[in-house]
Amino acid sequence: MSATTPPDTTATEGPAGALVGAGRLAERLGEGVVLFDASVGAHRGAAARIPGARPFDLDGQLSDHTSAVPHTMPGAGAFTEALRALGLHDTDTVVVYDAQGVYSSARAWWMLRAMGFDRVAVLDGGLPAWTAAGHPVEAVPAAYDGPRGTFTARPRPGLVVDADTVAAALADPAAAVLDARTGGRYAGTAPEPREGLRGGHMPGAASLPFGDLQRDGGLMRPVPELRTAFEAAAGERERLYFSCGSGVTACVLALGATLAGYRDLAVYDGSWSEWGLPSDRPVVTGMAVGGTPVAPGGGAAGGAAGGGGSP
């Protein structure tokens, strides 16, 4: 593969070429593709990786740890330094994956795009799909120790947004805010895994759990099914904003929407880790009916949730 040709992609991909299958990737290992392992949590630093993969550490240097909420996008300077330290050049072609399937890899894909780098695709089904197809893995080294790259971040405003922008989108009839968390967390019937967060969702946001965009084996659904899922959640609206627990699985919705042909997309960086904190930002409980959230027994939901963490 030349430095100017993106990787071949699977039949489920949309017009943006954002998805690549395990078979296609296997054919092109060693042909100039830079592989990033963006696994998080318990899967971070797993015992095996796709040969040659480099750690895109969302739990480490590729989040802004000066922020009060997890997985916050780093600034352009810090992002540039982190990617140069990983050996990335502006002319490279990148494939990102994670050890859970299509989970945190979509966050790395969206971050690169938000920083002006388009030559990136997500491995469909991630490491599980790779190993299920019989492709090789190797032991994970402590860190990447190859030559530095020359990548330079060129931020694109509007792809990663803040709470005020999302609040404005909630009031905009031309926009839809979609929540990638489970239905129970959206409704406030399941506890939040991060301590101190209110249960429920933003008034006017629609529920679209990221797992609904996937089929058996953790693969992304075919494009027509993705489009149907987004139309069910957003109606005819084409301007879409995505939220989740900490801005990670919201990017799975961004990936699915891109594959389905949507173009006006943004991810709420703080997501529920920010909006759900005790504040005057409104929160309601219950499932939405006809686009109007239902709050059994009243409006705002309160109370702390259990400990732990979840994207």
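Just so you know, these numbers come straight off a predicted model, no measurement behind them.
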Open item on the list: If I compare all heavy atoms of Asp124 with all of Gly21, which pair ends up nearest, and what's the gap?
Closed with: CB-CA, 4.5 Å
- [ ] Output the distance between atom OH (Tyr186) and atom CG (Leu208), rounded to the nearest 0.5 Å.
- [x] 10.5 Å
Open item on the list: Is any side-chain heavy atom of Val94 closer than 4.5 Å to one of Leu112?
Closed with: yes
Task: Side chain Tyr144, main chain Pro147, donor-acceptor under 3.5 Å - done: yes
Open item on the list: Using side-chain heavy atoms (C-beta onward) and a distance below 4.5 Å, is Val120 in contact with Thr93?
Closed with: no
TODO: Kindly give the heavy-atom pair with the smallest separation between Ser243 and Tyr268, and that separation in Å.
DONE: OG-CD2, 3.7 Å
Task: Check: Ser105 side chain, Val102 main-chain N or O, donor-acceptor pair, under 3.5 Å - done: no
Open item on the list: I'd like to check Leu265 versus Trp110 (side-chain heavy atoms, cut-off strictly below 4.5 Å). Are they in contact?
Closed with: yes
Task: Stepwise side chain to side chain contact (heavy atoms under 4.5 Å, CB included) check, Ser39 with Gln100 - done: CA-CA 7 Å; Ser39 302; Gln100 289 169 265; 5.9 Å; no
Open item on the list: Minimum heavy-atom separation for Ala48 and Leu127, please, with both atom names.
Closed with: O-CD2, 4.0 Å
Task: Leu86 and Phe151, any side-chain heavy atoms less than 4.5 Å apart - done: no
Open item on the list: Between Asp118 and Arg156 (salt bridge meaning N to carboxylate O under 4.0 Å), is one present in this structure?
Closed with: yes
Open item on the list: Walk me through whether Leu123 and Leu25 qualify under side chain to side chain contact (heavy atoms under 4.5 Å, CB included).
Closed with: CA-CA 8 Å; Leu123 175 60; Leu25 177 60; 4.0 Å; yes
Task: Spatial distance of atom CE (Met111) from atom CG (Leu159) [nearest 0.5 Å] - done: 12.5 Å
TODO: Anything under 30° is parallel, anything over 60° is perpendicular, the rest tilted; go ahead and classify His135 against Trp130.
DONE: tilted
Open item on the list: side chain to side chain contact (heavy atoms under 4.5 Å, CB included) for Arg239 and Tyr262? Distances and angles first, verdict last.
Closed with: CA-CA 8 Å; Arg239 187 182 309 150; Tyr262 291 88; over 6 Å; no
Open item on the list: Donor-acceptor pair, distance only, cut-off 3.5 Å: does the side chain of Arg194 make one with the backbone of Ser273?
Closed with: no
- [ ] Would you mind telling me which of Val20, Val96, Leu259, Val95 makes a side chain to side chain contact (heavy atoms under 4.5 Å, CB included) with Val122?
- [x] Val96
Task: Close side-chain approach of Val166 and Val177, heavy atoms under 4.5 Å - done: yes
Open item on the list: Do Val140 and Val34 land in one hydrophobic cluster if side-chain heavy atoms of ILVMFWY residues count as linked below 4.5 Å?
Closed with: no
Task: Side-chain donor or acceptor of Arg198 paired with backbone N/O of Trp275 under 3.5 Å - done: yes
- [ ] Could you point out which residue of Asp57, Asp37, Asp59 forms a side-chain hydrogen bond (donor to acceptor under 3.5 Å, both in side chains) with Arg44?
- [x] Asp57
Open item on the list: Between Arg227 and Glu236 (salt bridge meaning N to carboxylate O under 4.0 Å), is one present in this structure?
Closed with: no
Task: Backbone of Gly245 reached by a side-chain donor or acceptor of Ser271 within 3.5 Å - done: no
TODO: Taking the side chain as every heavy atom from C-beta outward, state whether Met115 and Arg154 have any atom pair closer than 4.5 Å.
DONE: no
- [ ] Measure from the side-chain N and O atoms of Thr80 to the backbone N and O of Thr152, and report whether any donor-acceptor pair falls under 3.5 Å.
- [x] no
Task: Nearest atoms (heavy-atom pairs only) where Gly256 meets Leu213 - done: CA-CD1, 4.2 Å
- [ ] For the residue pair Pro193 and Arg185, establish whether any side-chain heavy-atom pair is separated by less than 4.5 Å.
- [x] yes
TODO: Indicate whether the side chain of Thr150 and that of His89 have a donor and an acceptor atom separated by less than 3.5 Å.
DONE: yes
TODO: Look only at the side chain of Tyr97 and the backbone of Leu35, and say whether a donor-acceptor pair between them is shorter than 3.5 Å.
DONE: no
Task: Interatomic spacing from CD in Glu138 to CZ in Arg49 - rounded to 0.5 Å - done: 4.0 Å
Open item on the list: Please report the interatomic distance CD(Glu274) to CG(Asp162), rounded to the nearest 0.5 Å.
Closed with: 7.5 Å
Task: Smallest separation among heavy atoms of Pro51 and Val137, with atom names - done: CD-CA, 4.1 Å
Open item on the list: Check for me, please, whether Val252 and Val248 land in the same ILVMFWY cluster - side-chain distances under 4.5 Å, paths through other members count.
Closed with: no
Open item on the list: Checking side-chain polar atoms at under 3.5 Å, does Arg107 have a donor or acceptor matched by the opposite partner on Thr249?
Closed with: no
- [ ] For residues Tyr103 and Phe210, establish whether the separation of their ring centroids is below 6.0 Å.
- [x] yes
Open item on the list: If you define the side chain from C-beta out and look only at heavy atoms, does anything of Ser104 sit under 4.5 Å from Asp98?
Closed with: yes
Open item on the list: For residues Leu253 and Leu219: do they belong to one hydrophobic cluster (side chain heavy atoms under 4.5 Å, members Ile, Leu, Val, Met, Phe, Trp, Tyr)?
Closed with: no
Open item on the list: Please evaluate residues Glu81 and Arg148 with respect to the criterion salt bridge (charged side-chain N to carboxylate O under 4.0 Å, His left out), reporting the C-alpha separation (whole Å), side-chain torsions for both, the decisive distance (0.1 Å), and the verdict.
Closed with: CA-CA 9 Å; Glu81 172 56 29; Arg148 286 175 60 83; 3.0 Å; yes
Open item on the list: Checking Thr72 against Asp64: is there a side-chain donor and acceptor pair closer than 3.5 Å?
Closed with: no
Task: Interatomic spacing from OG1 in Thr91 to CZ in Arg119 - rounded to 0.5 Å - done: 8.0 Å
TODO: State plainly whether one hydrophobic cluster holds both Trp109 and Val40, where clusters connect Ile, Leu, Val, Met, Phe, Trp and Tyr through side-chain heavy atoms under 4.5 angstrom apart.
DONE: yes
Open item on the list: If we ignore hydrogens and angles and just use 3.5 Å, is the side chain of Asp269 paired with the main-chain N or O of Met73 as donor and acceptor?
Closed with: yes
TODO: Please report the closest heavy-atom contact between Pro203 and Leu170, naming both atoms and the distance.
DONE: O-CD2, 3.5 Å
Task: Evaluation steps, side chain to side chain contact (heavy atoms under 4.5 Å, CB included), between Arg281 and Met202 - done: CA-CA 8 Å; Arg281 294 201 181 276; Met202 307 168 203; over 6 Å; no
- [ ] Look up atom CG in Leu178 and atom SG in Cys244, then write down how far apart they are to the nearest 0.5 Å.
- [x] 12.0 Å
